[in-house]
Amino acid sequence: MLDIKLIRENPELVKQRLATRGRGDEARVAEIATLDEKRRKLATESDNLKSERNKVSKEIGVAKSKGQDAGPSMAAMKQVGDKIAALDQEIATVEAQLQNVLLVIPNLPHESVTVGKEAADNPEMRRWGTKTEFAFQPKPHWEIGEKLGMLDFARAAKISGSGFILYKGVGARLERGLINFLLDLHTTQHGYTEIFPPFLIKRDAMIGTGQLPKFEEDMYRLRDDDLYLAPTAEVPVANLHREEILREDQLPINYCAYTPCFRRESGAAGRETRGMIRVHQFDKVEMIKLVKPENGYNELEKMTANAEKVLQLLGLHYRVILLCTGDMGFTSAKTYDIEVWAPGQNSYLEVSSCSNTEEFQSRRANIRFKDAQGKNRFPHILNGSGTALARLYVALLETYQQADGSVKLPEVLASYLGGQTHIC
RNA sequence: GGAGAGGUGGCCGAGUGGUUGAAGGCGCCGGUCUCGAAAACCGGUAUAGGCUCAUGGUCUAUCGAGGGUUCGAAUCCCUCCCUCUCCGCCA
């Protein structure tokens, strides 16, 4: 959520920066300003009446204790009370309207983000490794995995429909091993504290991290209980400190968490339907940081490096791109995507997205910290995949496939696979 | 799921309709004292919003959440949430 004071005091700046996203959100700034002004005017009026009522009510108390008649004052205050009730009703309506708009306005892009319209405008920051050379035509992961008995898409569909994965035997063990590999890496090498959160999420928490109210149709919801399936660990973990005032010495907070991620992919029907590149349920290890605002962008670089380390250790070729203003997510002020090379697809796959949401989420979730001057401030909240599992799995199978159809996985995974890295 | 108890400021804990934003204690900050520290004593110590702006002032709201009664609600009524104890059920 944007700071209403910023909109009030600097509407032109807000409009300009929203415009760089190319979604027309800047058109609603005037509407916000109008509602804000209306609310303040009504509130002032109401506050003045309340002040009068408080004062007179005290006098009534004093008069009554002395045995004096306070009838006329009481009648007058009854009138005032009715006026207050009417005003407060009106205020609540305006407030709700204001919130409705404010909650669907995206974050302002950071100055360092390239202005652009779409994915094609995203600048590439760097590459690591090279595309694997094959002496044969590399196969897609679904062929490799099904032949080796690691993956069974047909039976997954039998249970849950299309867009679900069933891992089997060593395939299941690889998924489990990768989760442990990632958590071990981030907790022991990168200084993150592991969290294992609930997967069912209350509506308030979904609003806190920005999935709601705007992206309701992308979320799985349990209608009987008004709970949502976590679309990413970012939601439960970033909400962990909601409504709290942290001490400055608690920052930075670095959390990482494994969760399955549930996504309806409602707008993506027909896209990448084959295999496990776009699915309704996938595993992910997520990194979340709460940091002092002055460290936000430094920490974003560190977090991105932490995600890159995963691919480096696994020997997977990747590139890092900076999302341009038009391609960035709703909550983000700056995002790096890491894309791993998948030879069987002959394309790069997004396995990580590292973002600084600045104060956007901390303001929504009302997470603050008390600084050295005793002032409460909003920390920057960052999130980054470290990494998404399904696509990492794809890259591993496709990169390390052999001519005979077997797969030779990197040695760093040996201890997670009972020593077996050659799957055949 | 059933029965009961309870949710008050950073913490503990008073408070059943009238200057209660809230006693008291602890903690914390500042000061006095001291060579220094402790003790003692004095003072201060919530959050959000509006107006005003002189680092200040002022008004409003907030005692789990929301609604109601009343001139006036932490205190009374209703709904919901959460915690604890016992029973049931269950992995």
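Letters A, B, ... mirror the listed sequences (proteins, then strands); counts begin at 1.
- In this structure, B:rG43 and B:rC29 make a Watson-Crick or G-U wobble pair, each of the two defining distances being under 3.5 angstrom.
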In B/S/- notation (B base, S sugar-phosphate only, - none; protein heavy atoms under 4.0 Å), nucleotides 44-52 of chain B written 5' to 3' is ---SSBSS-
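- A gap of 27 Å separates the P atoms of B:rG27 and B:rU20, to the nearest Å.
- A donor atom on one side chain and an acceptor atom on the other are found under 3.5 Å apart for A:Gln361 and A:Glu234.
- Contact annotation: A:Asn54 side-chain N/O to B:rC59 OP1/OP2 distance is not under 4.0 Å.
- Within 6.0 Å of CD in A:Gln402 there are more than 12 heavy atoms belonging to other residues, nucleotides or ligands.
- With hydrogens and angles left out, the side-chain atoms of A:Glu358 and A:Tyr297 include a donor and acceptor closer than 3.5 Å.
- Following rounding to the nearest Å, A:Lys202 (NZ) and B:rC81 (C1') show an atom-to-atom distance of 7 Å.
- Base pairing annotation: B:rG21 forms no Watson-Crick or G-U wobble pair, as no partner gives both donor-acceptor distances under 3.5 Å.
- The side chain of A:Lys78 places an N or O atom within less than 4.0 Å of a non-bridging phosphate oxygen (OP1 or OP2) of B:rC71.
- As a whole-Å value, the separation of A:Leu42 CG from B:rA61 C1' is 16 Å.
- Within the 4.0 angstrom heavy-atom criterion, no nucleotide atom of any strand lies near A:Ser73.
- Inspection of the A:Asn107 and A:Thr331 side chains reveals no N or O donor paired with an N or O acceptor under 3.5 Å.
- In this structure, B:rA38 makes no Watson-Crick or G-U wobble pair, since no nucleotide meets both defining distances under 3.5 angstrom.
- Separating the P atom of B:rA61 from that of B:rG66 is a span of 14 Å, rounded to the nearest Å.
- In the model, A:Tyr318 has a side-chain atom that pairs as donor or acceptor with a side-chain atom of A:Gln312 under 3.5 Å.
- Straight-line distance between the C1' atoms of B:rG68 and B:rG13: roughly 30 Å, to the nearest whole Å.
- A donor-acceptor contact under 3.5 angstrom links the side chains of A:Lys289 and A:Asn254, judged on distance only.
- Rounded to whole Å, the distance from NZ on A:Lys58 to P on B:rG17 is 19 Å.
- Across the protein-nucleic acid pair, A:Arg53 atom CZ and B:rC71 atom P stand 10 Å apart, rounded to whole Å.
- Atom name C1', nucleotides B:rG9 and B:rA14: the rounded distance is 13 Å, in whole Å.
- The gap from the P atom of B:rA74 to that of B:rG17 amounts to 13 Å, rounded to the nearest Å.
- Comparing the C1' positions of B:rG57 and B:rG18 gives a spacing of 27 Å, expressed to the nearest Å.
- A:Met74 comes within contact range of at least one nucleobase, with a heavy-atom separation under 4.0 Å.
- Atom-to-atom, CD of A:Glu243 to P of B:rC82 comes out at 16 Å; the value is rounded to the nearest Å.
- For B:rG49, the paired nucleotide is B:rC59, the pair qualifying as Watson-Crick or G-U wobble because both relevant distances are below 3.5 Å.
- If you check B:rC76 for Watson-Crick or wobble pairing at under 3.5 angstrom, you find it paired to B:rG68.
- Across all strands shown, B:rA91 forms no Watson-Crick or G-U wobble pair with both distances under 3.5 Å.
- A donor and an acceptor atom, one from each side chain of A:Asp152 and A:Tyr167, are nowhere located under 3.5 Å apart.
- Among the candidates A:Ser352, A:Ser385, A:Ser353, A:Ser355, the single residue satisfying the side chain to side chain donor-acceptor pair (under 3.5 Å) test with A:Asp337 is A:Ser353.
- What separates CG of A:Leu87 from P of B:rC59 is a distance of 20 Å, to the nearest Å.
- Within a 6.0 Å sphere centred on CD of A:Gln89, other residues, nucleotides and ligands contribute 12 heavy atoms or fewer.
- Nucleotides B:rU16 and B:rU75 are separated by 11 Å at their P atoms, to the nearest Å.
- Rounded to the nearest Å, the gap between the C1' atom of B:rC51 and that of B:rC42 is 35 Å.
- A:Asp204 has its CG atom 18 Å from the P atom of B:rG64, to the nearest Å.
- A 3.5 Å limit on both hydrogen-bonding distances identifies B:rA3 as the Watson-Crick or G-U partner of B:rU85.
- Taking atom CG of A:Asn48 as the reference point, atom C1' of B:rC59 lies 7 Å away to the nearest angstrom.
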